[in-house]
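This report refers to the structure that appears directly beneath it.
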Amino acid sequence: MKNKLGVLFAAFEAVPFIKTGGLGDVAGSLPPALQAAGYEVRVMLPKFSAIPEQYRTRMTHVADFQMPLAWRNLYCGIEQLVYNGVTWYFIDNEYYFRRERAYGYFDDGERIAFFSKAVVESLQYLPDFRCDILHCNDWHTALSPIFLREFYRGQPVYDRVKTVLTVHNLKFQGQMSDFVLGDILGFSSDSGAGQSLRSDSSSINFMKGGLLYSDALTTVSPTYAQEIKTPYFGERLEGIFQWREGSLRGILNGIDTTAYDPAGDKALPARYSPADLGGKAVCKAAVQKELGLREDPDAPLVIMIGRLTEQKGLDLLRWGLEELLARGIQLAVLGTGDEAYEQMLVGYALASSGRMSAQVRFDDALARRMYAGADLLLMPSRFEPCGLTQMIAMRYGTLPVVRETGGLKDSVLPYERWGEDATGFSFPDYDARQMTDTVLRAAELYRTRPEVFRKLRKNAMTQDFSWNSAAQRYGELYASLCPEAASS
Ligand code: ADP
């Protein structure tokens, strides 16, 4: 019989409480899947004032205490809420978390250090919970394994804990100026922690320290786990991944297949399923109208949804965009990010006479209507640790056109190789010509062989993108770290 391993999952964002991107989706849906797989899972998040009132008012007080952070002594509260079968803890400190957004403040380093330490300090205040695994995510909680080993050693409640750090995106590492080490984290320069955190003579790097201190490392797709050992993808930390490759696993994310389901999605004007795709045409006409595009069922509708940054291949799009529009393709983009890209897209859309739309905002319901109404989703990423957008698109029968990198390579079966068993289209190099040609080939298939295109849509919609297999693989990892606790 399986003894329930206790897993504390720490993250800086999670659906439905607060979301800025893929990490929010993962932290919202992996913990319930782990709980369903037989683990005792708790999740810890900051208590942001941006968390909707409906959740904030239901939170109950668990504990509060004063916590040292270098020379500071700070109030820290723990509140709790049971949601989706999982107990969620919220770290309360109004000074740090009473803000509109999760990130983007001058003192993010301090706020994140506070949260990372509070995660560890809290372990002694959680009733009815024994933590075997502390599962941290990205640089926002990469300090927790360091605090755990440096400040809490010798106490049974802490010594039993094994740590896992999952890298969702290596681009963001928490690079801070030197003074943070002593003044905020409370480590001296010549300590083990100080040396592990140091990245150069004038700065420290939260992620680097976490990668060195955690018992196990994971990233969010098998291909990205290989890629980050190379200089092109490793963001100057490739040496650590090479050195720690025996402790590094790539586990492909899933998506919440209940929340993303065209047969039940209330945001859509019509519902549909693989067995009856009829409603998808209704969704296409509606979204064309909503976005000011020509209501033409024959025009292949290509969408892009996500952060408008260099990572997402916006430079390739800039190069290929005019040709795509000239060849009768409709393009709709939803996203926010670098101002230069936002302006470029809005400019093209204004001049496109109903062939292109650019929506510069975060809008979950519109994203769903676009996933449902589109024919193709373009994702020409320079790198992509996992990518959820392409999986959501497939779930809605919208075929992804992706560059073969990271999780895009691991989740899309390209027509070029799989023929009628495919679930999308792909191209190998970060090359605008390859991208444009691949979109044009996909559009050609849409126009000239609708029965094949429909078959591909059904293939995509019936892929298993649920969290079940990821939960099983994380479970295997946890069990390998705590063999005594995991066995009967
Ligand atoms: P990231 O690199 O940002 O984590 P992912 O593909 O992993 O990218 O996840 C992006 C998630 O955020 C998807 O659920 C996508 O639908 C959503 N998303 C991104 N930008 C927007 C936006 N502007 N409006 C609505 N949803 C968005």
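For the single chain, residues carry numbers from 1 onward in sequence order. Values below: every heavy atom of this structure, side chains too, minus hydrogens, waters and symmetry copies. Both counts, for ligands and for their atoms, begin at 1 and track the order of listing.
Here the side chain of K280 pairs a donor or acceptor atom with the backbone of Y396 at under 3.5 angstrom. A distance-only check finds no donor-acceptor pair linking the side chain of T141 to the backbone of C136 [under 3.5 Å]. Between the T218 side chain and the G250 main chain, no donor and acceptor come within less than 3.5 Å of each other.
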Would you mind writing out a table of all protein N or O atoms found under 3.5 Å from any N or O atom of ligand 1, naming both atoms and giving the distance to 0.1 Å?
residue: ligand 1; atom: 2 (O); partner: R307; partner atom: NH2; Å: 2.7
residue: ligand 1; atom: 2 (O); partner: K312; partner atom: NZ; Å: 2.8
residue: ligand 1; atom: 3 (O); partner: R307; partner atom: NE; Å: 2.8
residue: ligand 1; atom: 4 (O); partner: G22; partner atom: N; Å: 2.8
residue: ligand 1; atom: 6 (O); partner: L388; partner atom: N; Å: 3.0
residue: ligand 1; atom: 6 (O); partner: T389; partner atom: N; Å: 3.2
residue: ligand 1; atom: 6 (O); partner: T389; partner atom: OG1; Å: 2.6
residue: ligand 1; atom: 7 (O); partner: L388; partner atom: N; Å: 3.3
residue: ligand 1; atom: 8 (O); partner: K312; partner atom: NZ; Å: 3.2
residue: ligand 1; atom: 9 (O); partner: G22; partner atom: N; Å: 3.4
residue: ligand 1; atom: 14 (O); partner: K19; partner atom: NZ; Å: 3.0
residue: ligand 1; atom: 14 (O); partner: D25; partner atom: OD2; Å: 2.9
residue: ligand 1; atom: 16 (O); partner: Y371; partner atom: OH; Å: 2.7
residue: ligand 1; atom: 23 (N); partner: R361; partner atom: O; Å: 2.8
residue: ligand 1; atom: 24 (N); partner: D363; partner atom: N; Å: 3.0

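Take D200 and apply the side chain to side chain contact (heavy atoms under 4.5 Å, CB included) test, not counting sequence neighbours, and it matches Q175, S202, S203.
Here R327 does not pair with E322 in a salt bridge; the nearest charged N to carboxylate O distance is not below 4.0 Å. One finds a salt bridge joining K312 and E384 here, because a Lys/Arg side-chain nitrogen approaches an Asp/Glu carboxylate oxygen to under 4.0 Å.
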